[in-house]
There are 2 protein chains.
Amino acid sequence: MTSADRLSTTLSALADPTRRAILARLTMGEASVNELLAPFSISQPAISKHLKVLERAGLITRGREAQWRPCKLEGSALKDVADWLEPYRRFWEERLDRLDEHLRQLQAAKGSKHDQRK
Amino acid sequence: MTSADRLSTTLSALADPTRRAILARLTMGEASVNELLAPFSISQPAISKHLKVLERAGLITRGREAQWRPCKLEGSALKDVADWLEPYRRFWEERLDRLDEHLRQLQAAKGSKHDQRK
DNA sequence: GCTGTACATATCCGACTGGTTATATTTCCA
DNA sequence: TGGAAATATAACCAGTCGGATATGTACAGC
């Protein structure tokens with residue numbers, strides 16, 4: 001799989017609120033399928049499918065403990081996303097800079113008036 | 001649209017290599033549809049669809065200049081992704097791995113890890 | 001006006017997605 | 001040994017996706 005395809009797989013795995021909720025739960029530690037199922041009103045096979053997608057994307061790994069298949073968060077795939085995102089940082093920080101500049105101009109305009117309250 | 005849905009829309013827009021390539025091109029400045037089309041061997045309507053997806057996700061904005069519709073990168077949607085990603089950083093950074101492992105061992109030592117909740 | 005250019009929209013198609021229910025598999029335990 | 005629990009797999013369905021081709025719309029310049 002090419003690097004672009006891997007990133008696509010990861011991002012599309014993340015583009016689902018249920019799967020992101022699963023990842024959020026896993027930040028608190030490993031969990032079984034049933035534990036991950038509990039907060040949702042969907043069927044168990046649906047969760048198993050989500051876990052398969054997350055595993056395929058490298059976002060989780062799975063162990064074996066008797067009849068349990070504990071899930072564990074795997075950070076490295078998220079790092080790929082962060083690394084892709086990084087070069088774009090200036091495009092949202094720049095925006096904030098401009099907003100900040102704008103706010104300072106507003107502030108200056110306000111300060112030049114006698115009555116600062118509406 | 002809820003916050004989760006907006007993030008899902010953004011992530012699924014990013015989960016396509018063609019759309020990410022379009023964003024990469026736009027880091028070098030605004031571009032027309034034809035300019036964005038050039039590097040790809042897909043049809044013009046296909047690019048228009050991709051641009052619609054990117055616009056809906058808030059990743060680009062579009063102007064009007066005669067018969068051209070220049071596209072411009074919009075960083076704020078990417079910031080949403082970065083903000084979502086940030087709490088997961090400790091899961092890929094090496095420095096905290098030992099602490100994390102330690103915490104997970106403590107958690108495991110508490111036992112009854114796999115109690116069923118239903 | 002007329003023509004060419006830039007782009008959007010409509011429609012269709014095959015592949016994929018996220019959900020379901022039903023069933024199979026693996027493992028523990030009484 | 002046999003049942004219950006945890007999980008996986010199979011089959012199905014409706015909706016979405018990314019592509020195509022064909023056509024429509026808006027504007028520039030002659």
Side-chain angles (χ1 to χ4, degrees), chain A residues 1-2 4-23 25-26 30-57 59-72, chain B residues 1-2 4-23 25-26 30-57 59-72 111-118:
Chain A
M1 200 190 272
T2 81
D5 285 350
R6 241 187 302 116
L7 186 55
S8 295
T9 301
T10 304
L11 286 167
S12 91
L14 294 176
D16 181 285
T18 301
R19 286 194 289 262
R20 289 198 306 279
I22 290 174
L23 292 185
R25 163 64 182 83
L26 291 178
E30 297 193 7
S32 69
V33 176
N34 271 328
E35 284 171 333
L36 294 173
L37 171 62
F40 304 102
S41 50
I42 61 178
S43 66
Q44 171 262 314
I47 288 286
S48 281
K49 273 195 186 181
H50 281 306
L51 294 177
K52 201 167 211 172
V53 171
L54 289 170
E55 188 177 20
R56 200 176 113 73
L59 287 161
I60 65 171
T61 52
R62 319 203 50 183
R64 283 173 192 276
E65 239 179 271
Q67 68 268 52
W68 292 277
R69 301 291 315 274
C71 298
K72 188 185 139 204
Chain B
M1 200 190 269
T2 79
D5 286 348
R6 240 187 301 118
L7 186 55
S8 295
T9 301
T10 303
L11 287 166
S12 91
L14 294 176
D16 180 285
T18 302
R19 287 193 290 262
R20 289 199 306 279
I22 290 174
L23 292 185
R25 164 60 183 83
L26 290 178
E30 299 193 5
S32 69
V33 176
N34 271 328
E35 284 171 334
L36 294 172
L37 171 60
F40 304 103
S41 51
I42 63 178
S43 66
Q44 172 262 313
I47 288 286
S48 281
K49 270 197 189 179
H50 281 307
L51 294 177
K52 200 169 212 172
V53 171
L54 289 171
E55 188 177 20
R56 202 176 112 73
L59 287 160
I60 66 171
T61 52
R62 319 201 51 184
R64 281 173 195 277
E65 238 180 272
Q67 67 269 50
W68 291 277
R69 301 290 316 274
C71 298
K72 191 183 138 207
S112 67
K113 223 181 10 171
H114 296 299
D115 281 354
Q116 192 184 359
R117 268 195 205 157
K118 187 159 194 181

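Each chain gets a letter, A, B and so on, in the order its sequence line appears, and its residues count up from 1. Model, not experiment: these values are computed from the prediction.
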For [X], report the nucleic acid contact type (base, sugar-phosphate, nothing); a contact means any heavy atom under 4.0 Å.
X: Arg19(A); answer: sugar-phosphate
X: Arg62(A); answer: sugar-phosphate
X: Ser32(B); answer: sugar-phosphate
X: Ala66(A); answer: sugar-phosphate

Listed nucleotide nearest any side-chain atom of [X], set [options]:
X: Val33(A); options: dA11(D), dT27(C), dA8(D); value: dA8(D)
X: Arg69(A); options: dC7(C), dC12(C), dT7(D); value: dT7(D)
X: Ser48(A); options: dA8(D), dT9(C), dC7(C); value: dA8(D)
X: Gln67(A); options: dT26(C), dA20(D), dG19(C); value: dT26(C)
X: Pro45(B); options: dA20(D), dG19(C), dT21(D); value: dT21(D)
X: Lys49(A); options: dA11(D), dC7(C), dG18(D); value: dA11(D)

Please give, in whole Å, the distance from [N] [atom2] to [X] [atom1]?
X: Leu11(A); N: dC17(D); atom1: CG; atom2: P; result: 16 Å
X: Arg20(B); N: dG18(D); atom1: CZ; atom2: C1'; result: 15 Å
X: Arg56(A); N: dC16(C); atom1: CZ; atom2: C1'; result: 11 Å
X: Glu55(A); N: dT7(D); atom1: CD; atom2: P; result: 14 Å
X: Leu37(A); N: dG18(C); atom1: CG; atom2: P; result: 17 Å
X: Asn34(B); N: dA26(D); atom1: CG; atom2: C1'; result: 15 Å
X: Ile60(A); N: dT7(D); atom1: CD1; atom2: P; result: 12 Å
X: Ile42(B); N: dC17(D); atom1: CD1; atom2: P; result: 16 Å

Item to complete: Keeping the roles fixed (side chain from Arg64(A), backbone from Arg69(A)), state whether a donor-acceptor pair exists under 3.5 Å.
Response: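 Judged by distance alone, no pair lies under 3.5 Å.
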
Discussion item. Donor-acceptor check, side chain of Arg19(A) to backbone of Ser12(A), threshold 3.5 angstrom: yes or no?
Written reply: yes

Worksheet item: Mind checking whether Val33(A) and Arg62(A) have side chains closer than 4.5 Å, heavy atoms only?
Response: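 A side-chain contact exists here, since the closest heavy-atom pair is under 4.5 Å.
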
Worksheet item: According to a strict under-4.0 Å criterion, is Ser43(A) in side-chain N/O contact with OP1 or OP2 of dT20(C)?
Response: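 Yes.
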
Fill in: Atom pair CG/CD1 of Leu36(B) and Ile60(B) - distance to nearest 0.5 Å
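Result: 8.0 Å between the selected atoms.
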
Item to complete: Could you grab the distance from atom CD of Gln44(B) to atom CG of Leu51(B), nearest 0.5 Å is fine?
Response: 9.5 Å

Worksheet entry | First of Lys52(B) and Trp68(B) reached from the 5' end of DNA chain C, by closest nucleotide |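 Closer to the 5' end of DNA chain C: Trp68(B).
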
Item to complete: Would you kindly compare His50(A) and Gln44(B) by the position of their nearest DNA chain C nucleotide and give the one closer to the 5′ end?
Response: Gln44(B)

Worksheet item: Of the non-hydrogen atoms in Ile22(B) and Phe40(B), which two are nearest, and what is the gap between them?
Response: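 It is CG1-CE1, 4.1 Å.
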
